[in-house]
Every structure is written in C-alpha cells, then in structure tokens.
Amino acid sequence: MTGSNKKTTKKKGKIISTLLGGKLFKSDIFVKNIWLMLLIVLYAFIYVSNRYSYRHEQKMIKELRAERQDMRYQLLTRQSEFSEKSRQSNIENYINKHESQLKTATNPPYTIE
C-alpha cells in the first residue's frame with residue numbers, strides 16, 4: 001500500500017512541477033491549440049464584461065424607475081394642491097380675506113359676435 005501512495009504522490013508532484021515550471025506551455029498539445037485557447041479566453045473575457053455591464057445597467061434602470069415613481073407622486077401632490085387652491089370657493093375666500101375690489105359675477109357670461 002505504501003508503494004501506491006508513493007506513485008500517486010510522485011504523479012501529483014510531477015503535475016505541480018509541470019504547471020509551475022512552465023513545461024505545460026511548451027508541450028505539443030498546448031502549442032497546437034494555442035489559438036483555440038486564446039479564443040476561449042477572449043470569449044470568457046467578453047462574457048464577464050457583458051455580465052458586468054448588464055448588472056450595471058439593471059442597477060441604473062432600478063434607480064431611474066424609483067426616481068420616476070417619486071416624481072410621479074410629487075406631480076400628483078402638486079396637482080391636488082393646485083386644484084384645491086384654484087377651486088372657486090377658495091378663490092372667493094382669498095379675495096374676501098384680502099379686501100380686494102374684485103367681486104363674483106352675478107350675470108352669466110355672454111359672447112360678443
């Protein structure tokens with residue numbers, strides 16, 4: 001049993017020394033397929049960069065939607081305030097409170113032809 005452990009230890013040591021020593025890059029298989037490996041690395045780089053930009057855009061979209069929702073609520077608030085202030089009874093109360101010479105018309109409007 002000790003003999004098989006020594007063989008596996010020697011294989012592991014040989015693989016590690018091959019990787020760290022750079023012998024892997026000089027092997028025939030690696031040299032013949034260098035363009036394929038470079039293409040795979042390029043595709044991996046493109047994949048990672050696209051994923052990063054996608055996540056960044058999704059984050060921006062989420063922030064812009066939240067901002068749009070906030071602006072929509074502000075618009076509704078301003079519209080309700082405006083409609084409240086422009087109501088005829090509120091305008092009459094404002095005029096009476098500030099003692100203006102303006103009066104509410106008693107005659108109905110008519111058109112000039």
Side-chain angles (χ1 to χ4, degrees):
M1 208 159 164
T2 57
S4 65
N5 285 341
K6 286 184 180 181
K7 287 182 181 180
T8 58
T9 307
K10 284 184 179 182
K11 280 186 177 181
K12 288 181 183 177
K14 189 174 183 179
I15 292 172
I16 292 173
S17 67
T18 303
L19 288 174
L20 294 177
K23 293 178 185 177
L24 176 69
F25 299 119
K26 293 180 184 177
S27 68
D28 291 337
I29 295 172
F30 188 81
V31 172
K32 288 180 183 177
N33 296 316
I34 188 79
W35 293 111
L36 177 63
M37 291 183 190
L38 288 175
L39 186 65
I40 291 171
V41 168
L42 177 68
Y43 283 151
F45 179 75
I46 291 171
Y47 175 77
V48 169
S49 65
N50 281 343
R51 187 173 176 96
Y52 173 77
S53 64
Y54 171 77
R55 285 187 181 221
H56 181 69
E57 287 177 8
Q58 289 299 317
K59 182 180 175 186
M60 291 297 296
I61 288 171
K62 187 176 180 181
E63 290 173 2
L64 290 173
R65 282 185 180 157
E67 185 177 344
R68 183 185 68 181
Q69 188 72 15
D70 186 42
M71 289 179 143
R72 183 175 289 160
Y73 290 148
Q74 287 179 2
L75 175 67
L76 289 172
T77 303
R78 299 293 180 259
Q79 284 177 340
S80 67
E81 288 174 356
F82 176 73
S83 65
E84 177 67 26
K85 288 181 180 180
S86 64
R87 196 170 290 154
Q88 184 175 358
S89 61
N90 287 341
I91 292 174
E92 288 175 356
N93 288 337
Y94 180 79
I95 290 172
N96 292 334
K97 189 186 289 185
H98 288 68
E99 299 176 0
S100 176
Q101 295 178 357
L102 297 174
K103 304 276 182 199
T104 306
T106 55
N107 329 7
Y110 56 91
T111 58
I112 301 175
E113 293 180 19

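The first residue of the sequence shown is numbered 1, and numbering continues consecutively from there.
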Minimal heavy-atom distance between Leu102 and Ile95, with the atoms involved, is O-CG2, 3.5 Å
Between Ser80 and Ser83 the two heavy atoms that sit nearest each other are O-OG, 3.0 Å
My understanding is that only residues two or more places apart in sequence, or in another chain, count here; which of them pass side-chain contact (heavy atoms from CB on, under 4.5 Å) with [X]?
| X | answer |
| --- | --- |
| Gln88 | Glu92, Thr104 |
| Glu84 | Arg87, Asn90 |
| Met60 | His56, Glu63 |
| Thr106 | none |

So does Ala66 get a backbone contact from the side chain of Asp70, meaning a donor-acceptor N/O pair under 3.5 Å?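 It does not hold such a pair.
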Is the closest side-chain heavy-atom distance between Met71 and Leu75 below 4.5 Å?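 Met71 does not reach Leu75 side chain to side chain.
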Contacts under 3.5 angstrom, residues 31-51 side chains, donor-acceptor by atom type, not counting sequence neighbours:
from	atom 1	to	atom 2	distance (Å)
Asn33	ND2	Ile29	O	3.2
Ser49	OG	Phe45	O	3.2
Ser49	OG	Ile46	O	2.9

Rounded to the nearest 0.5 Å, the CD1 atom of Ile61 sits from the CZ atom of Arg68 at a distance of 11.0 Å
Review point. If you look only at pairs with a residue in residues 66-85, which of them pass as a ring pair (Phe, Tyr, Trp, His ring centres under 6.0 Å), with sequence neighbours excluded?
Key: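 For residues 66-85: none.
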